[in-house]
Amino acid sequence: MKKINGVATFAENVFDYRKMRKYMPAKTYKAIVNAREHNGELTDRDVEIYAEALKKWATAKGVTRYTHWFQPLNNFTAEKRDSLTSINREGEAIIKFRGKELTTGEGDASSFPNGGMRQTFEARGITNWDYTAFAFIKGDSLCIPTTFCGFNGEILDKKTPLLKSSYALNKQALRILNKLGMPRSRVRSVVGAEQEYFIINKELYGKRSDLVYTGRTLFGAAPPKGQELDAHYFRPPTDDVIRFMQDVDDELWKLGIIVKTEHNEVAPCQCELAPCYSDSTDACNQNQLIMETLKTTAEKHGFKCLLHEKPFDKINGSGKHNNWSLITDRDENLFETGNTAQENARYLLFLAGVVKAVDEYNDLLLASVASASNDLRLGGYEAPPQILTVFLGEPLDKTIQYACGGKWRAGKDCLPKIVNVTDRNRTSPFAFTGNKFEFRMVGSSASISDVNTTLNVIVAESLRQFADELDNACDVWQKTGELITQVFAEHKRVIFDGNNYSDDWIEEAKKRGLLQADAVESIAFLSREKNLQLFERHGVLTRREQLARQDILLQTYCNAVQTEGAVTAEMFNKQIAPCVEKYQTELALLIDCKNKLSEKTATEADKLNRIVKLTDDCAKASAYLQEKLRQIPTENSVEKARYCQTVIRPSYNEVRLCADELERLCPANEWALPNYGQLLFEEN
């Protein structure tokens with residue numbers, strides 16, 4: 001076991017089962033386990049005993065405050081720090097933490113994104129204890145994972161839909177298994193979310209307003225060397241970076257999160273870490289803590305951690321590969337072949353359910369990863385394109401063809417042994433990698449709750465339809481074989497094993513009728529009637545809650561683009577233009593001096609003329625940008641987001657084109673901003 005200063009520390013800041021057994025009676029412990037793993041009920045007495053045990057454990061570790069830790073409708077977490085100390089009747093300070101403090105809290109819900117579900121004067125937001133997640137300590141605070149809703153019960157967070165989607169998936173998967181004669185008590189989705197990020201020099205970061213305000217560089221000429229030489233991927237990290245990674249490992253270790261792998265990624269200054277797999281809800285909590293730990297630890301080491309999907313132009317962006325699978329209470333992976341004919345039929349049926357879900361709800365999956373920042377990343381530099389297909393690999397393709405060829409009888413005949421000799425397809429957005437699906441489109445800054453909520457629900461819908469068919473079947477195994485054959489025949493258009501980057505594939509995808517949508521188009525898919533009905537059918541989100549999420553995503557898109565536009569104009573006017581004017585003056589004086597000395601000045605004069613023209617073009621582009629910023633529609637809608645996408649973003653890109661050319665003409669010591677070479681190479 002890993003140790004720090006000679007003391008075993010794994011999960012030392014987590015109130016897990018080991019701590020529960022130590023601090024509470026066996027009866028209460030069993031009740032908590034039953035509630036967490038089998039949706040059992042907790043009595044008021046159980047809650048009070050749990051709260052007292054939690055208080056004793058936390059205060060013994062020096063905790064003075066507690067907070068209800070929740071995930072509002074943005075990509076961040078929220079907390080309100082309350083003191084554990086109260087005053088009794090005698091005026092003495094006492095430590096007090098009861099069941100009501102554990103289970104319920106209240107905050108100002110009107111100050112969080114709500115998509116129009118609440119008026120400004122409707123302030124009450126309620127946090128409710130999520131007993132399926134372990135409490136943990138962060139700093140001097142005891143963090144209690146909770147859900148968050150309005151006073152009327154409407155969902156205002158990202159965790160509640162994820163929990164509900166897990167229940168829906170479990171329900172439908174168990175129906176299938178029961179019909180196949182393989183009863184189980186639980187099926188859960190498990191996730192391993194790889195996290196990519198950049199770390200750069202903190203001092204240089206502070207000199208770049210674009211990085212400070214938007215998380216990415218809005219200006220920057222390409223350096224002489226980028227990632228062309230493939231010189232960074234898997235290279236040994238520098239000593240400074242290794243010390244940073246070690247501290248990240250240690251902090252996460254205390255929170256019960258094991259960093260399974262970590263390494264340098266393809267782009268300079270880019271890294272990746274991957275934790276162990278866990279339940280989708282736990283994985284979501286853990287990924288939020290990972291992102292926070294990366295940022296806080298980087299600060300301590302003189303770095304800044306950038307989680308933006310595309311912080312630098314012309315090099316790789318950052319994603320968050322979401323590895324998703326289904327596991328039973330017997331630790332069976334439903335995406336692994338078995339040893340019997342029945343297990344292999346089950347395997348193909350669940351695979352068919354995923355393929356069907358991805359094809360029928362392609363639009364929802366695109367919406368689950370849509371953002372202004374991810375739009376900059378998808379479709380280039382090793383990021384998957386915005387045409388969502390499933391990669392299965394040649395061995396599995398052949399097995400499916402064999403199974404659907406009429407000679408194989410589901411539940412009666414064994415399949416030929418599947419040997420996974422297929423190469424990995426890095427261009428595929430949704431790849432089957434042996435016993436899991438890797439969804440590569442998720443952005444590095446995003447919460448993984450949206451994508452896993454969507455995956456759980458759309459697969460639950462496929463399984464629901466399968467279970468309904470099996471309920472009415474005279475011969476379950478015959479019907480299973482028919483379903484497998486039918487699904488793979490009807491949804492083969494979404495299966496593609498080739499190069500997703502090729503121009504030929506783009507044309508082929510159009511012929512297949514596959515969607516190719518940017519972020520704004522994808523977000524608009526949320527209000528399609530079939531999608532509204534899907535979430536309502538499985539009890540995950542009401543129509544009103546789903547439409548509110550669409551409204552929030554559109555507003556977030558607009559806010560991001562508006563901010564980038566405003567920062568672009570300000571940086572040009574206040575930083576770039578003054579430094580260029582200063583250099584123009586110096587260059588003009590040099591030319592004048594040479595003229596007096598009868599020296600040749602053609603080169604300098606040509607350079608000056610180019611700078612003057614570029615500066616003028618840049619100023620005009622900046623003025624145009626500012627004018628268009630003033631004309632942004634006020635109503636939050638698809639049209640407003642489309643205006644930001646098609647008018648504002650191209651306008652500030654025009655400013656950048658001129659400014660980046662000016663950077664190439666000006667001496668580095670005359671330029672107002674740390675350049676790409678300094679940010680990516682010289683200081684790291």
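All residue numbers in this chain count up from 1 along the given sequence.
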Does Y557 form a side chain to side chain contact (heavy atoms under 4.5 Å, CB included) with S371? I'd like the steps, not just the answer.
CA-CA 6 Å; Y557 185 98; S371 70; 5.9 Å; no
Test salt bridge (charged side-chain N to carboxylate O under 4.0 Å, His left out) on D279 and R186; report intermediate values, then the result.
CA-CA 12 Å; D279 285 9; R186 187 185 181 198; 3.2 Å; yes
Show your working on salt bridge (charged side-chain N to carboxylate O under 4.0 Å, His left out) between E332 and R346 and close with a plain yes or no.
CA-CA 12 Å; E332 302 158 302; R346 179 189 70 188; 3.7 Å; yes
Apply salt bridge (charged side-chain N to carboxylate O under 4.0 Å, His left out) to E438 and R440, showing your working.
CA-CA 6 Å; E438 181 182 23; R440 298 172 60 87; 3.5 Å; yes
Carefully, step by step, assess D130 and K159 under the rule salt bridge (charged side-chain N to carboxylate O under 4.0 Å, His left out).
CA-CA 9 Å; D130 172 20; K159 173 178 271 194; 2.8 Å; yes
Check against side chain to side chain contact (heavy atoms under 4.5 Å, CB included), V354 and V390
CA-CA 9 Å; V354 176; V390 179; 5.8 Å; no
Side chain to side chain contact (heavy atoms under 4.5 Å, CB included), that's the test. Do Q645 and D518 meet it? Break it down for me.
CA-CA 10 Å; Q645 179 193 51; D518 57 37; 3.0 Å; yes
Under the criterion side chain to side chain contact (heavy atoms under 4.5 Å, CB included), I'd like the reasoning laid out for S318 against Q270: C-alpha separation, chi angles, the key distance, then a yes or no.
CA-CA 8 Å; S318 294; Q270 189 183 33; 3.1 Å; yes
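Contact check for E262 versus E272: no side-chain heavy atoms found under the 4.5 Å cut-off. At a threshold of 4.5 Å between non-hydrogen side-chain atoms, the residues P275 and V259 do not count as touching. Side-chain contact between Y361 and T454: absent, with no pair of heavy atoms (C-beta onward) separated by less than 4.5 Å. Two residues are said to be in side-chain contact when any heavy atoms from C-beta on lie closer than 4.5 Å; D239 and R243 meet this criterion. Residues D331 and I327 are in side-chain contact: their nearest non-hydrogen atoms beyond the backbone lie under 4.5 Å apart. The shortest distance between side-chain heavy atoms of T568 and F219 falls below 4.5 Å. For the pair L455 and S189, the minimum side-chain heavy-atom distance is 4.5 Å or more. For the pair M291/Q195, a side-chain contact is recorded, criterion being any heavy-atom separation below 4.5 Å from C-beta on.
For Y277 and S325, the side-chain atoms include no donor-acceptor pair closer than 3.5 Å. With no hydrogens or angles considered, a side-chain donor-acceptor pair links T389 and N500 at under 3.5 Å. In this model, a donor atom of one side chain and an acceptor atom of the other lie less than 3.5 Å apart for W324 and N456. For H301 and D240, the side-chain atoms include no donor-acceptor pair closer than 3.5 Å. Using modelled atom types, one finds no donor on one side chain facing an acceptor on the other under 3.5 Å when comparing Q678 with N201. Using modelled atom types, one finds no donor on one side chain facing an acceptor on the other under 3.5 Å when comparing E309 with N374. N323 and K436 are linked by a side-chain donor-acceptor pair at a separation below 3.5 angstrom, with hydrogens and angles left out of the test. Checked by atom type, the side-chain pair Y652/R649 shows a donor-acceptor distance below 3.5 Å.
Taking a cutoff of 4.0 Å between a charged side-chain nitrogen and a carboxylate oxygen, E203 and K304 do not qualify as a salt bridge. The pair K158-D450 counts as a salt bridge, with a side-chain nitrogen and a carboxylate oxygen less than 4.0 angstrom apart. Here K310 does not pair with D375 in a salt bridge; the nearest charged N to carboxylate O distance is not below 4.0 Å. Ion pairing of E292 with K295 is absent here, as no side-chain N (NZ or NE/NH1/NH2) approaches a carboxylate O to less than 4.0 Å.
Taking the six-membered ring where the residue is Trp, F234 and H263 present perpendicular rings, their angle passing 60° and hence far from 30°. Between W57 and F15, the ring planes lie tilted relative to each other; the angle falls in the 30° to 60° range.
A 6.0 Å sphere centred on NZ of K260 holds no more than 12 heavy atoms belonging to other residues, nucleotides or ligands. Residue F76 qualifies as open at atom CZ: its count of foreign heavy atoms under 6.0 Å is 12 or below. Around the CD atom of E37, the shell of radius 6.0 Å holds more than 12 heavy atoms that belong to other residues, nucleotides or ligands.
Checked by atom type and distance alone, the side chain of N675 pairs as donor or acceptor with a backbone atom of G677 at under 3.5 Å. Judged purely by atom type and a 3.5 angstrom limit, R493 uses its side chain to pair as donor or acceptor with the backbone of R512. Of the possible polar contacts, none joining the Q288 side chain to the F70 backbone as a donor-acceptor pair under 3.5 Å is found. Listed for the N170 side chain is a donor-acceptor partner under 3.5 Å among the backbone atoms of V187. Judged by distance alone, the side chain of N452 and the main-chain N or O of I448 form a donor-acceptor pair under 3.5 Å. Side-chain atoms of S141 do not come within 3.5 Å of backbone N or O of C143 as any donor-acceptor pair. With hydrogens and angles ignored, the 3.5 Å screen pairs a side-chain donor or acceptor of S444 with a backbone N or O of L307. Put simply, the side chain of D157 never gets that close to the backbone of P72: no donor and acceptor are under 3.5 Å apart. Side chain of S522 to main chain of A367: no donor-acceptor pair is present (N/O by atom type, distance under 3.5 Å, no hydrogens or angles). Between the side chain of K320 and the main chain of A446, a donor-acceptor pair closer than 3.5 Å is present.
Taking each heavy atom of V358 and V494 in turn, the nearest pair found is CG1-CG2, 4.0 Å. Closest heavy-atom contact between Y197 and L273: CE2-N, 4.3 Å. Shortest non-hydrogen contact noted between E12 and K61 is O-CE, 3.3 Å. In terms of heavy-atom proximity, F10 sits nearest to R18 at O-NH2, 3.5 Å. Considering every non-hydrogen atom in both F439 and P429, the closest pair reads CD1-O, 3.2 Å. Here the shortest heavy-atom pairing between P384 and Y501 reads N-OH, 4.1 Å.
With M441 as the fixed residue, the side chain to side chain contact (heavy atoms under 4.5 Å, CB included) test singles out one of L365, L366, V451: L366. Results of the side chain to side chain contact (heavy atoms under 4.5 Å, CB included) test with N322 over N287, V369, V191 single out V191 as the only residue that passes.
Note that CG of N653 is 7.0 Å distant from CG of L657, once rounded to the nearest 0.5 Å.
The aromatic ring centres of F312 and F198 sit less than 6.0 Å apart. You'll find the ring centres of F391 and F430 outside the 6.0 Å limit.
A search for ring pair (Phe, Tyr, Trp, His ring centres under 6.0 Å) contacts involving F496 returns W505, not counting sequence neighbours.
Annotation: cation-pi pair R36/F134 present, NZ/CZ under 6.0 Å from the ring centroid and within 45° of its normal.
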